[in-house]
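For reference, positions follow the sequence shown, starting with 1.
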Amino acid sequence: MDILLTGFDAFGDEKINPASLVLEKIPKIIGDAKIHKLIIPTVFGKSASLIEEKIEEIRPDIIISLGQAGGRSHITVERVAINIDDASIDDNEGNRPIDRIIREDGEPAYFATIPIKAIINKLQESNIPASISNTAGTYVCNHVMYQDLYLANKYKNIRAGFIHLPFLPDQVVDKNGMASMDLQTMVAAIKLAIETSIDFDGKEDIKIGLGRTH
């Protein structure tokens, strides 16, 4: 089995991104799966092009992309990506698309095809704060999740999903009261997410209530 794991570089006012730091520490082999790592730029369009090139090269069975969600206190596994780019800040090349369709031939939205509830359940059993997120925003994280799932449909038999990570402690020194999580815990969480995705190959996700009332 081949798994493509992607993580963004730093963006905005941040000098580091937990996604790329976690990526560096994930083993190259997990179980019987080979992990192919790809650091992608926080840039609309270019990030997806690099992912598609990697898909063409390795034809992965699973794609998991990682991103930073500053302010969140949990590891959050995204449920859905929507077909819109709507940026309130520039990406790393100065692009700021507003109300732009990502793929004219794509669906309005795509749901993650990795076992999101099984992953959350496994993380919580391991005492790692984790929850499902029902919005990946409309910045480059949503853009990449949507592109991952669009490409997974294009190339067939690929499962895909996106996981958001909190700030690292070093990132919140000057952010009073902002949540953070240590790198070791994040690495453990993503390793468990990969293992769970492998274990659920060919299986349906578990049926437990992890939704929200608002």
Side-chain angles (χ1 to χ4, degrees), residues 1-11 17-68 77-85 87 91-95 97 100-116 119 136-165 190-191 193-203:
M1 179 179 288
D2 291 280
I3 297 176
L4 175 57
L5 186 65
T6 81
F8 287 103
D9 61 2
F11 68 94
N17 190 323
S20 57
L21 297 183
V22 168
L23 191 71
E24 291 171 358
K25 292 189 175 295
I26 294 296
K28 293 182 179 179
I29 300 291
I30 295 179
D32 294 328
K34 184 176 181 181
I35 311 302
H36 304 264
K37 305 178 188 182
L38 179 66
I39 295 179
I40 54 176
T42 306
V43 178
F44 291 99
K46 181 180 289 187
S47 50
S49 295
L50 291 172
I51 289 170
E52 185 163 16
E53 287 176 11
K54 200 69 176 177
I55 291 172
E56 287 277 9
E57 177 189 341
I58 66 173
R59 295 302 173 109
D61 301 284
I62 300 171
I63 305 168
I64 299 176
S65 291
L66 309 178
Q68 170 189 289
V77 183
E78 297 295 341
R79 191 196 299 263
V80 61
I82 60 174
N83 192 7
I84 199 78
D85 290 333
D91 70 11
N92 283 353
E93 290 189 355
N95 305 299
R100 184 178 70 188
I101 298 298
I102 298 172
R103 292 274 187 173
E104 292 289 348
D105 62 339
E107 297 294 331
Y110 290 111
F111 286 93
T113 50
I114 59 173
I116 63 173
I119 290 170
T138 54
Y139 192 54
V140 190
C141 288
N142 175 77
H143 179 88
V144 161
M145 182 181 177
Y146 186 91
Q147 298 274 24
D148 284 351
L149 290 160
Y150 174 93
L151 293 168
N153 278 278
K154 175 182 175 180
Y155 287 91
K156 310 295 184 185
N157 300 317
I158 299 175
R159 286 166 292 134
F162 194 100
I163 300 176
H164 263 126
L165 307 171
I190 299 309
K191 187 170 182 290
I194 293 169
E195 290 171 347
T196 304
S197 297
I198 294 169
D199 290 343
F200 274 75
D201 183 36
K203 302 177 185 177

Does CG belonging to Asp105 count more than 12 external heavy atoms closer than 6.0 Å?
yes
Exactly one of Asp148, Asn83, Asp85 should register a side-chain contact (heavy atoms from CB on, under 4.5 Å) with His143. Which one does?
Asp85
Evaluate side chain to side chain contact (heavy atoms under 4.5 Å, CB included) for Thr6 paired with Ile39, printing each intermediate quantity in order.
CA-CA 6 Å; Thr6 81; Ile39 295 179; over 6 Å; no
Is the backbone N or O of Met1 less than 3.5 Å from a side-chain atom of Asp32, with the two atoms forming a donor-acceptor pair by type?
no
Measure the spacing between CD1 of Ile102 and CD of Gln147 and express it to the nearest 0.5 Å.
6.0 Å
Heavy-atom closest pair, residues Cys141 and Ala136:
CB-O, 4.1 Å
Distance from Leu21 atom CG to Ile26 atom CD1, nearest 0.5 Å?
11.5 Å
With rounding to the nearest 0.5 Å, note down the distance linking CG in Asn92 to CD1 in Ile40.
11.0 Å
For the student: nearest non-hydrogen atoms of Thr113 and Ala160, plus distance:
OG1-N, 2.7 Å
When you measure from the side chain of Tyr150 to the backbone N and O of Glu107, does any donor-acceptor pair fall under 3.5 Å?
no
Side chain to side chain donor-acceptor pair (under 3.5 Å) pairs, two or more places apart, involving residues 39-53
Asp9-Thr42, Lys46-Glu93, Glu52-Lys154, Glu52-Tyr155
Does any non-hydrogen side-chain atom of Leu5 lie less than 4.5 Å from one of Leu38?
no
Please check if any side-chain donor atom of Tyr139 sits under 3.5 Å from a side-chain acceptor atom of Asp91, or the reverse.
no
Can you tell me how far the CG atom of Leu66 sits from the NZ atom of Lys37, to the nearest 0.5 Å?
11.0 Å
In terms of heavy-atom contacts, does NZ of Lys34 have more than 12 from other residues, nucleotides or ligands at under 6.0 Å?
no
What's the shortest heavy-atom distance between Ile114 and Gly161, and which atoms?
CD1-CA, 3.7 Å
Test applied, side-chain contact (heavy atoms from CB on, under 4.5 Å); reference residue, Leu4; option that passes from Asp61, Ile62, Ile51, Ile35:
Ile51
Asn153/Tyr110 under side chain to side chain contact (heavy atoms under 4.5 Å, CB included): CA gap, chis, key distance, verdict
CA-CA 10 Å; Asn153 278 278; Tyr110 290 111; 3.7 Å; yes
Under the 3.5 angstrom rule, does the side chain of Ser20 hit a backbone N or O of Gly7 as a donor-acceptor pair?
no
Run Glu195 and Ile30 through side chain to side chain contact (heavy atoms under 4.5 Å, CB included) and show every step you take.
CA-CA 7 Å; Glu195 290 171 347; Ile30 295 179; 3.6 Å; yes
Separation between CD1 (Ile64) and CE (Met145), nearest 0.5 Å, reads 11.5 Å
Trace of the side chain to side chain contact (heavy atoms under 4.5 Å, CB included) decision for Asn142 with Glu78
CA-CA 9 Å; Asn142 175 77; Glu78 297 295 341; over 6 Å; no
Asp199 vs Pro115 side-chain heavy atoms within contact, under 4.5 Å:
no
Leu151 and Ala48 have their tightest heavy-atom pair at CD1-O, 4.3 Å
Nearest heavy atoms of Ala81 and Leu149, plus distance in Å:
CB-CD1, 4.5 Å
May I ask you to test the Lys25-Ile190 pair for a side-chain heavy-atom distance under 4.5 Å?
no
If you measure from CD1 on Ile55 to NE2 on His36, what distance do you get to the nearest 0.5 Å?
12.0 Å
Within the 4.5 Å heavy-atom criterion, are Lys191 and Pro27 side-chain neighbours or not?
yes
Phe8 side chain reached by Gln68 side chain, heavy atoms, under 4.5 Å:
no
